[in-house]
Structure formats: structure tokens, C-alpha cells
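See structure below.
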Protein chains: 2
Amino acid sequence: MRVLVVEDAADVAEAVAAALGRAGYACDIAGDLAAARDHVGVQGYDVVVLDINLPDGDGRDFLRSLRRGGNRVPVLMLTARIEVSARVDALDDGADDYLVKPFDLRELEARVRALTRREAGRVEARLRLGAIDYDPSAQVVRVGGKPLPLTRREMALLSLLMGHPGHILSKERLFDGLFSFADSEVGVNAVELYIARLRKKLAGSGAVIETHRGLGYRIAEGG
Amino acid sequence: MRVLVVEDAADVAEAVAAALGRAGYACDIAGDLAAARDHVGVQGYDVVVLDINLPDGDGRDFLRSLRRGGNRVPVLMLTARIEVSARVDALDDGADDYLVKPFDLRELEARVRALTRREAGRVEARLRLGAIDYDPSAQVVRVGGKPLPLTRREMALLSLLMGHPGHILSKERLFDGLFSFADSEVGVNAVELYIARLRKKLAGSGAVIETHRGLGYRIAEGG
DNA sequence: CGCGGCATGACAGGTCCATGACAGGTCCGC
DNA sequence: GCGGACCTGTCATGGACCTGTCATGCCGCG
């Protein structure tokens, strides 16, 4: 899962990216609208966290231009407390949710999670497959009720796979969901590595990660 | 647990902060509404103790603007005896409890404790896990019935962990609950230190503090 | 049987964490 | 106020674990 954070206050942006990073999201940061446009043009995102006040314009303009361009990526607006009326506008302009600054990082995390969930058409917070039970909010994976220790990357990879059960996800797609621009020098081989590690840990879980040569990977039931 | 004390009489504010500090709360003090707004903007609180008469406005206005902004932090209002009618208003405005000045510090402490407990959805005053029995009001921890001497910080940390059983609490979250702005220069490493000390004292208590690399800590039974 | 894509063990570097030793401060009794 | 016990937080060191690269060998498909 990949998130773009558009926020000019560097400390806030970093804090948000760090929190989402802990939650397994790959985060890019854009400090102004120009950078945001560049990012969105090059990379697909699962969620955009968008501040309203930016040095080179209004976040709502960016949002409107996104929507006009047909981009339906879920957008979470950040509004200052004073901008009460702006919130309504934001929703009218196509934002999917908003959060009033200052906000609690846990709440932001929860809302981003809700947006990605809604996008996937799910209502249930937990994901299940075979004996695997994955709780994104608690960052816990259980196999047959027993917690399975996974590292952050392993968890992120599992989350991507389980979020599209039965679908084949290309290696590039997985790569984009796992690594942000900040991890620029990472090789594509890293995905294969984590697939291997995840397979080892998921042995005997009632689910397998199938390889589809030249296409990608797919998680499915069956031991 | 973190508390914001909004009160312009410095001596009262200090007394309140000292009392709550002894009880293991990390306390910040705001002398007026402007300072209170700044604090709430930067830091999440578990409880706000709010005086009505402040040099730059009415505490109830602050409370209303908090609620309008979606902030549901439990608020304990402090009212002078004369402001009888104001109390009703306060509750209408979204306060969770009120206390008439002058008040006994122990009563304030008890009410703050009640608010944090209610927030956590607990009814029972005591917390238990394994052989650990923690009584916040008495500030006593027993292991298998035998009192276990803990320092203030150790107790505060245990309280945070036991207040969210099964959940992983990030180091930053624990840090925010342990230290107030007055302890500004404290390093994040201090949390690790107290985790180590607490672990040592809790050895053989039927509970363990697990480390979740990059995520935080979690208390659980077993061990 | 040859090739490209994939799997996987081994390794190096880095990050995060654990913990002992120490110094300053606080609190308390005297 | 004085001394000592204890609490507090810093630092530094060592260790555990995570991460990604490399190299080697496998597999499947032509």
C-alpha cells in the first residue's frame, strides 16, 4: 500500500510518514503542489493525505484537478480548525474524508486504513485466508489463533497479497507497494526475497503463494 | 497518561500538577486559552482539567471549540462555587465532569482517574494480568498478593501497558504518556530504560513485556 | 538443452534494542 | 541544613534482529 503525504510542514510530514511507515505503508512526501503533481503523475497511490494550506496553492485546487483528470484515488484532507466551512467544500470537491488539525496520529492511521479498506470494497477490518487471520489495525497475524511473528516488510507484503485474494499481483506492483522513493536503490529482487521468507513462515498455514511465471504472485488457499 | 491543566492561578496549577504527577500522570500546564490551544494542537491528552475563568476568555468557549473540532478528550471542569448555573452549561457543552472550587486534591485525583478509566471502557478500578494486581487509586502493585515496590515512573509505565492489554504501544506513545513538556530534554532512550527496569522487577509475575521491533512494546501473560 | 525468470542460502551493513555503570537531583530523617 | 538513600536519566557498549545484495542453482518453457 502506497501513500502520498502532501504537507509543507516538514516535521508534521515526517511524523505522519513515520507513523504510516510503522503501519506498513510505503510513504512519499511532497512539500508543495508542484511536487505532489509530479508524484501523482509518476506513481499510483492507494491514498493521498492532503493538506489544504500549501506554499504554492490550495490543496482543494489540486484535488479538483485530480478529479477532473479522472483520478479517483481516496483523498484524506487535513484542515485547520478555523477552516470549518472549508471542510464541507473539501467533501464537495471530492475528498473522501477529512481530519482537523491538530490530529492524533493513531486517528490518522485509522482513517487511512478505513479508506484503503473501503477502496477494496471490504467492510470487515480483518482479513482471513485458510488459517491465516490478519488484523491490520493491531499489526498482528495469527495462524490458527496463534500469533505469527512477521517483520514490517513481511507484514506489508502479506497485506498486499491478502488484500487481493485470488488476483495475481505483478512483481512491480508489489514493489511499488512495499518501497517508497526514499528506498530508491532497492533492487526488484527484494520482492522475491520477501516472497521466499513469507512462504517459509506461512508453511502449514493453509495458504500458499503461487508463482505465475512472468506475471507475478497470487495467494490462495490450499496447503 | 497525559493531562493538561488549564488554570491561570499558578499556585493552584502547580499544586494540581504536582498531585497528578505523584499519581503517575505526565502534566502540562497552560495559563490561558491561547496556551491551551497550542498544547492541544501539538499533543494528545487523556484528560483536560479546565478552569472556567481564564484571563483571555471563558473555558467553556474553549471546550465548545474543542468539541466542534471533533476532539472528544475527557474534560474535567473547575467551577467556582458562585457559578452554579455554569456547571449545568459546562456539562451541556460537553464536559465530562466538574469540580467545585475549592476542592480537595485527592478528590481531583480520583475524578481524573475515573475519567481515564471510563475512557478505557473499564468499570473495575483494578487492573490484573497474570499474577499482577495493580490498584491505580492506591498506587500499589501486588504480585501474587505481595506488594511490589515500584517507583513513580515504573508505575506509570506499567499503568500504560496494562491499560491496553494485548495492544502494542509505540515508544513515542509511551514517551508521551510518561513525560511532560517540562521534561523536554529527556531522550527517547529513557523508555527503553524503564522497560528494562520494569522487566527485571516483574520477573516471575506471570506477565512479560514483549518487544516488537520497530513497533513498540506489549504486555501479555506468560513467561 | 539453453535461456530467462525465479528460489534460496549466505553474508554484510545497518538499525533498533538491552543493559551495566555513572552522575546529578530529590526527598527524607535527623 | 546536612547526609544518605533512592530515584532519574545519560552514555556507551554489546547484541539481536531486520534488510537487501550477491551468487549459485533450480525450474519451466521453448
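We name chains A, B, ... by the order of the sequence lines, and we start the count at 1 in each one.
- Nearest heavy-atom pair, B:L129 versus B:A207, reported as atom, atom and distance to 0.1 Å: CD2-CB, 3.9 Å.
- Nearest to the side chain of A:Y194, among C:dC6, C:dC17, D:dG20, sits D:dG20.
- In terms of phosphate contacts, B:R152 brings no side-chain nitrogen or oxygen within less than 4.0 Å of OP1 or OP2 of D:dC6.
- Sorted by first then second residue, the ring-ring contact (aromatic ring centres under 6.0 Å, His included) pairs that include residues 17-39 of chain A, not counting sequence neighbours, are A:H39-A:F181.
- Annotation: ring-ring contact (aromatic ring centres under 6.0 Å, His included) contacts involving residues 187-217 of chain B, sequence neighbours excluded, are absent.
- Every residue two or more places apart in sequence or in another chain that forms a side chain to side chain contact (heavy atoms under 4.5 Å, CB included) with A:R126 is listed here: A:E124, A:R128, A:D133, A:D135.
- Between A:R2 and A:D46 no salt bridge is recorded (no basic side-chain N to carboxylate O distance below 4.0 Å).
- If you check residues 19-28 of chain B against DNA chain D, you find no residue with a heavy atom closer than 4.0 Å.
- Between B:T211 and the phosphate of C:dC16, there is no side-chain N or O to OP1/OP2 separation shorter than 4.0 Å.
- Residues forming a salt bridge (Lys or Arg N to Asp or Glu O under 4.0 Å) with A:E119 (at least two apart in sequence, or on another chain): none.
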note = For nucleotides 8-14 of chain C, 5' to 3', base contacts (B), sugar-phosphate-only contacts (S) and non-contacts (-) with protein non-hydrogen atoms under 4.0 Å give BS-----
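- In terms of the salt bridge (Lys or Arg N to Asp or Glu O under 4.0 Å) criterion, residue partners of A:R218 (sequence neighbours excluded) are, by chain and number, A:E210.
- DNA chain D lies under 4.0 Å from at least one heavy atom of each of the following residues of residues 161-181 of chain B: B:F179.
- Between D:dC6 and B:T151, no contact under 4.0 Å exists linking OP1 or OP2 to a side-chain N or O.
- Ionic pairing of A:E107 and B:R72 is not present here: no N-O contact between side-chain nitrogen and carboxylate oxygen is shorter than 4.0 angstrom.
- Two end axes, each from the C1' atoms of five base pairs, can be drawn for the helix from C:dC1-D:dG30 to C:dC30-D:dG1; they diverge by 30°, to 10 degrees.
- Residue pairs meeting the side chain to side chain donor-acceptor pair (under 3.5 Å) criterion with at least one partner in residues 7-16 of chain B, sequence neighbours excluded, are B:E7-B:K101.
- Side chains of B:R199 and B:T211: a donor-acceptor N/O pair is present below 3.5 angstrom, by distance only.
- Here B:A17 pairs with B:C27, B:I29 under the side chain to side chain contact (heavy atoms under 4.5 Å, CB included) rule; sequence neighbours left out.
- Residue pairs meeting the ring-ring contact (aromatic ring centres under 6.0 Å, His included) criterion with at least one member in residues 141-180 of chain A, sequence neighbours excluded, are A:F175-A:F179.
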